[in-house]
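Quick caveat: nothing in here was measured; it's all calculated off a predicted structure. Protein chains get the first letters and strands the later ones, always in sequence-line order, with residue 1 at the start of each.
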There are 2 protein chains.
Amino acid sequence: MIKLDIVNAIVSKTNVTRTKAEQAVETVFEAMKNALGRGERIELRRFGVFNVKPRKTGIGRNPRTGQQVSIPPGKAVRFKPGKELQTLPAPASTPAPKS
Amino acid sequence: MIKLDIVNAIVSKTNVTRTKAEQAVETVFEAMKNALGRGERIELRRFGVFNVKPRKTGIGRNPRTGQQVSIPPGKAVRFKPGKELQTLPAPASTPAPKS
DNA sequence: GATCGCGTGATCAAGCTTGATATCGTTAAC
DNA sequence: GTTAACGATATCAAGCTTGATCACGCGATC
């Protein structure tokens, strides 16, 4: 699924213009990015929770050279799926669509 | 941040009615939930990628009783932040807003 | 505003993910 | 059609996830 699919869903479900739907989708994710950029938790019931956590690992490794690299501190964005997404059935043996 | 904040952002940025904005936001996350429920990957450039993966862990534990519990197989929804969210600066010493 | 129910934290074993780099193919988005 | 984000791939140390239960805070609907 890509952004265009979401826009199409909005156009067919809400009867707004495509331009407005595009703006709406853009605003959703832009607002979320801004909140996460401020370190702000996002809780969307029945979808999930985005958390911003300090990223704290000591040593990484450059797989190319094998050389150890110190991982700098920063923020990590984590998503915890909400209840509906946590209780998905076990995957079928057929591969998932690409997107 | 909660759903209402996103709705407000859409109302102020796109000049649609509040009702339409609420429907749009609902549709965004409903569409995403449906896609993930189908095991479908979601790629949103500059926001991140949601993937559905098989979940396979063995033993859990009831924190109340200490009793072991077998964790059944299922699907796990994972979010990988996009580039902009991966390079957030280190957290300030002030705590993040609750939401 | 009232109400419902989702989300949080505690524990813990086992397995998975993350981050470092760089290149090239694929593809989302404009 | 163009641009740039994203995936895959290598290694490895450190951290995260996953489920069980339950009381309470709070998102979201009506």
Length of the CZ-C1' vector between B:F29 and D:dG27, whole Å: 13 Å
B:V49, nearest nucleotide to its side chain (from D:dA10, D:dC6, D:dG27): D:dC6
Evaluation steps, salt bridge (Lys or Arg N to Asp or Glu O under 4.0 Å), between B:K13 and A:E26: CA-CA 10 Å; B:K13 283 210 177 164; A:E26 178 63 26; over 6 Å; no
Toward the 5' end of DNA chain D, by each residue's nearest nucleotide, B:N62 or B:L4: B:N62
Minimum-distance nucleotide (side-chain atoms of A:R64 versus C:dA22, C:dA29, C:dG5): C:dA22
Options C:dA22, C:dA29, D:dC16, nucleotide nearest the side-chain atoms of A:R78: D:dC16
A:T14 backbone acceptor or donor facing B:K20 side chain under 3.5 Å: yes
Ring geometry between A:F79 and A:F50 (parallel below 30°, tilted from 30 to 60°, perpendicular above 60°): tilted
Minimum heavy-atom distance between B:R38 and A:M1, given as atom pair plus value: NH2-CE, 4.5 Å
Closest to the B:K83 side chain, choosing from D:dC6, C:dA22, C:dT11: D:dC6
Atom pair distance, as rounded to whole Å: CD in A:Q68 and C1' in C:dT21: 15 Å
Main-chain N/O of B:A9 paired with B:S12 side-chain donor or acceptor, under 3.5 Å: yes
Length of the line joining B:E22:CD and D:dC30:P, which is rounded to integer Å: 10 Å
Proximity to the side chain of A:P63 - top-ranked nucleotide from D:dT11, C:dT8, C:dG7: D:dT11
For atom CG of B:D5 and atom P of D:dA28, their distance in whole Å: 9 Å
Heavy atoms of other groups near B:Q86 CD, more than 12 under 6.0 Å: yes
Length of the CD-P vector between A:E43 and D:dC24, whole Å: 18 Å
d(NZ, B:K53; C1', C:dT17) in whole Å: 8 Å
Minimum-distance nucleotide (side-chain atoms of A:Q86 versus D:dC6, D:dG19, D:dA10): D:dG19
Under-4.0 Å side-chain N/O to phosphate OP1/OP2 contact, A:R41 with C:dT8: yes
Relative orientation of the end axes in the helix from C:dG1-D:dC30 to C:dC30-D:dG1, expressed as an angle to the nearest 10° (five pairs per end): 170°
Position toward the 5' end of DNA chain C (nearest nucleotide), A:L44 or A:E26: A:L44
Nucleotide C:dA28, atom C1' - distance to CZ of B:R45 in whole Å: 4 Å
Selection from C:dA28, D:dT18, C:dC30 that lies nearest to any side-chain heavy atom of A:K3: C:dC30
CZ on A:R41 to CD1 on B:I2, rounded to 0.5 Å: 11.0 Å
Sugar-phosphate only, base, or nothing, as touched by B:G82 at under 4.0 Å among non-hydrogen atoms: sugar-phosphate
side-chain N/O A:K80 vs C:dT8 OP1/OP2, d < 4.0 Å: yes
Side-chain donor/acceptor of A:K33 to backbone N/O of B:E84, under 3.5 Å: no
Spacing of B:F79 atom CZ relative to C:dT18 atom C1', expressed in whole Å: 15 Å
Sugar-phosphate only, base, or nothing, as touched by A:R46 at under 4.0 Å among non-hydrogen atoms: sugar-phosphate
